[in-house]
Q: 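Sharing a structure, written as structure tokens. Questions coming.
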Amino acid sequence: MMSKLEQLRGITTVVADTGDIEAVARLKPVDCTTNPTIVLKALGTPLFDEINAEAVTWAKSQSTSGDALVSAVADRLAVSVGAELSKLVPGRVSTEVDADLSFDTEGSIAKAHAIIAAYKERGIERDRILIKLASTWEGIRAAEVLQKEGIDCNLTLLFSMAQAVACADAKAFLISPFVGRILDWYVKSTGETYTSETDPGVVSVREIYNYYKANDIKTVVMGASFRNIGEIEALAGCDRLTISPALLEELSKDEGTLERKLSPDNVTPVEKIHMDEKTFRWMLNEDAMATEKLSEGIRAFAKDLQALRTQVSKRLAV
């Protein structure tokens with residue numbers, strides 16, 4: 001009998017939420033997605049010793065110094081991790097724009113161009129890469145510009161319909177609505193226990209998926225941030241799901257029947273929402289969960305980015 005992972009692959013594109021080379025090679029996802037946390041963890045493993053050494057050697061050949069050099073080396077390391085992952089997946093690798101640019105549209109665009117150029121130097125074309133941007137108003141505006149240039153974007157840290165609608169209007173290639181982090185907030189806020197069907201994160205992604213399909217929106221919906229396989233099973237049939245190695249392993253060992261929950265052929269009609277900056281900011285402000293989790297996510301990624309830069313500084317000082 002097929003495992004639930006094999007059944008899931010028949011109805012959903014499975015993406016690995018990891019920089020673990022061995023796990024990606026073993027589990028064979030179509031795409032990989034990374035973030036500063038994943039990059040930092042990957043670079044701390046022996047598999048990336050050569051990449052760390054190469055980055056230090058490269059740094060010695062550069063004319064810049066100080067913070068600018070440290071930032072450049074951190075960027076190089078992130079792209080190097082992505083480049084290694086691209087050798088193992090047939091699809092795309094997501095690489096994140098610095099979290100401290102989350103409210104800087106022009107800075108985000110410039111960083112995206114630099115990331116694409118760095119991949120190209122390694123022989124990896126833009127059609128293998130997704131630029132990850134936080135789903136702030138400024139990040140979404142950056143994605144709008146990049147998409148017009150033919151650079152596909154993955155809008156992450158997405159917790160609300162307001163963000164999803166704005167991303168669709170910007171014609172983002174893909175969004176990553178979070179599931180587990182939404183559940184975390186509601187469990188802490190209400191003290192309640194949720195089933196897979198009542199899980200607020202699952203409900204949120206289902207509503208976004210329905211809105212997109214009902215309005216013939218082409219942006220890909222990729223559920224992310226899962227706490228258990230129940231959440232994954234509840235979103236079976238979603239365009240894509242990005243899943244950690246531990247949960248992929250669990251799905252691969254479960255031979256039960258997986259029921260399809262989402263399908264573009266089974267949606268409820270819903271009117272399109274008019275979205276402008278004022279509406280976006282008001283809707284986000286009125287959603288305490290989305291406001292808090294977006295800010296928290298940006299801070300967490302910024303913290304790990306700074307940890308990576310600190311690590312780079314120590315290596316360069318040796």
Side-chain angles (χ1 to χ4, degrees), residues 3-5 8-9 12-45 47-48 78-79 81-97 99 128-135 152-159 173-184 199 201-202 204-205 208-209 220-236 238-254 293-294 296-298 300-301 304-305 308:
S3 70
K4 285 186 176 177
L5 179 56
L8 182 64
R9 283 178 169 147
T12 290
T13 298
V14 175
V15 178
D17 193 8
T18 182
D20 184 335
I21 293 292
E22 292 178 340
V24 172
R26 183 175 67 255
L27 296 166
K28 296 178 170 48
V30 173
D31 295 343
C32 278
T33 181
T34 68
N35 58 43
T37 307
I38 290 171
V39 170
L40 185 63
K41 184 176 180 181
L43 291 170
T45 65
L47 284 172
F48 286 96
V79 170
V81 171
E84 290 301 306
L85 291 171
S86 74
K87 298 174 184 177
L88 299 174
V89 297
R92 310 258 196 154
V93 174
S94 289
T95 297
E96 195 141 350
V97 165
R128 297 289 315 284
I129 305 302
L130 290 178
I131 296 296
K132 280 182 84 173
L133 298 150
S135 298
D152 288 335
C153 298
N154 170 354
L155 274 297
T156 188
L157 293 176
L158 194 149
F159 303 95
F173 177 81
L174 180 149
I175 61 169
S176 297
F178 280 31
V179 179
R181 296 194 197 189
I182 292 178
L183 174 64
D184 294 345
D199 184 313
V202 169
S204 176
V205 175
I208 290 167
Y209 179 91
V220 174
V221 180
M222 183 174 75
S225 169
F226 294 106
R227 296 293 177 259
N228 53 69
I229 64 170
E231 291 178 324
I232 296 167
E233 292 180 38
L235 293 173
C238 192
D239 299 333
R240 302 187 189 191
L241 297 175
T242 179
I243 307 170
S244 69
L247 293 179
L248 286 172
E249 291 278 11
E250 192 173 343
L251 286 166
S252 73
K253 295 174 182 176
D254 190 336
K293 298 308 288 186
L294 173 60
E296 179 186 272
I298 292 171
F301 284 163
D304 284 335
L305 175 61
L308 175 59

Q: Closest approach of Phe301 and Pro36, non-hydrogen atoms and distance?
A: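 Looking at all heavy atoms of both residues, the closest pair is O-CB, 3.7 Å.
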
Q: Could you tell me the separation between the CG atom of Leu43 and the CG atom of Leu308, rounded to the nearest 0.5 Å?
A: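 Leu43 atom CG to Leu308 atom CG measures 6.0 Å (nearest 0.5 Å).
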
Q: Main chain of Lys132, side chain of Asn154: is a donor-acceptor contact present, judged purely on distance under 3.5 Å?
A: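 Flag not set: sc Asn154 to bb Lys132 has no pair under 3.5 Å.
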
Q: Side-chain contact, heavy-atom cut-off 4.5 Å: Leu27 with Glu249?
A: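 In contact.
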
Q: About how many Å separate CG of Leu158 and OG of Ser176, when rounded to the nearest 0.5 Å?
A: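 Reported value, rounded in 0.5 Å steps: 8.0 Å.
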
Q: List for me each residue that meets side-chain hydrogen bond (donor to acceptor under 3.5 Å, both in side chains) alongside Lys4, sequence neighbours excluded, and say none if there are none.
A: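 Counting only residues at least two positions away or on another chain, Lys4 forms a side-chain hydrogen bond (donor to acceptor under 3.5 Å, both in side chains) with Glu233, Asp254.
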
Q: Measure the spacing between CD1 of Ile243 and OG1 of Thr18 and express it to the nearest 0.5 Å.
A: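 Ile243 CD1 to Thr18 OG1: 12.5 Å, rounded to 0.5 Å.
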
Q: Between Arg227 and Asp184, is there a side-chain N and carboxylate O pair less than 4.0 Å apart?
A: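 Yes.
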
Q: Closer than 3.5 angstrom, by distance alone: can the side chain of Thr12 be matched with the main-chain N or O of Ala236 as a donor-acceptor pair?
A: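 The answer is no, because no donor-acceptor pair under 3.5 Å joins these two groups.
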
Q: List for me each residue that meets ring-ring contact (aromatic ring centres under 6.0 Å, His included) alongside Tyr209, sequence neighbours excluded, and say none if there are none.
A: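 Once residues adjacent in sequence are excluded, Tyr209 has no partner under the ring-ring contact (aromatic ring centres under 6.0 Å, His included) criterion.
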
Q: Which pair of non-hydrogen atoms, one from Ala234 and one from Val202, has the smallest distance, and what is that distance?
A: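 Shortest heavy-atom contact: CB-CG1, 3.7 Å.
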
Q: Supply the atom-to-atom distance Thr13 OG1 to Leu8 CG, rounded to the nearest 0.5 angstrom.
A: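 Answer for the OG1-CG pair, Thr13 versus Leu8, is 9.5 Å.
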
Q: Give, for atom CG of Leu40 and atom CG of Asn35, the distance between the pair rounded to the nearest 0.5 Å.
A: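 Answer for the CG-CG pair, Leu40 versus Asn35, is 10.0 Å.
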
Q: Which pairs of donor and acceptor atoms, one on a side chain in residues 83-92, lie under 3.5 Å apart (sequence neighbours left out)?
A:
from: Glu84; atom 1: OE2; to: Lys87; atom 2: NZ; distance (Å): 2.9
from: Ser86; atom 1: OG; to: Ala83; atom 2: O; distance (Å): 2.6
from: Arg92; atom 1: NE; to: Asp127; atom 2: O; distance (Å): 3.2
from: Arg92; atom 1: NH1; to: Ile129; atom 2: O; distance (Å): 3.3
from: Arg92; atom 1: NH1; to: Asp152; atom 2: OD2; distance (Å): 3.1
from: Arg92; atom 1: NH2; to: Asp152; atom 2: OD2; distance (Å): 2.8

Q: Do the side chains of Phe226 and Asp17 get nearer than 4.5 Å, heavy atoms only?
A: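 Counting from C-beta outward, Asp17 and Phe226 never come under 4.5 Å.
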
Q: Drop me the distance from Leu241's CG to Ile232's CD1, to the nearest 0.5 angstrom.
A: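 Reported value, rounded in 0.5 Å steps: 7.0 Å.
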
Q: Identify the heavy atoms of Phe178 and Val205 that sit nearest to each other, and give their distance.
A: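 For Phe178 and Val205, the tightest heavy-atom pair comes out as O-CG2, 4.5 Å.
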
Q: Would you say Ser204's side chain and Gly201's backbone share a donor-acceptor pair under 3.5 angstrom?
A: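 Answer holds: no.
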
Q: Which heavy-atom pair separates Val221 from Pro177 by the least distance, and what is that distance?
A: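 Scanning both residues, the minimum pair turns out to be CG1-CG, 3.9 Å.
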
Q: At their closest point, which heavy atom of Pro29 faces which heavy atom of Val24, and how far apart are they?
A: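 Pro29 and Val24 have their closest heavy atoms at CD-O, 3.4 Å.
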
Q: Show the nearest heavy-atom pair for residues Ala42 and Gly19, with the distance to one decimal.
A: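 Minimum heavy-atom separation between Ala42 and Gly19: CB-O, 3.7 Å.
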
Q: Any side-chain heavy atom of Leu157 within less than 4.5 Å of one from Ser135?
A: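 No, too far: nothing below the 4.5 Å cut-off.
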
Q: Using modelled atom types and a 3.5 Å cut-off, is there a donor and acceptor pairing between side-chain atoms of Thr156 and backbone atoms of Ala134?
A: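 Judged by distance alone, no pair lies under 3.5 Å.
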
Q: Give a yes or no answer on whether the side chain of Ser225 reaches the backbone of Arg181 with a donor-acceptor pair at less than 3.5 Å.
A: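 Side chain of Ser225 to backbone of Arg181, a donor-acceptor pair under 3.5 Å: yes, one is there.
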
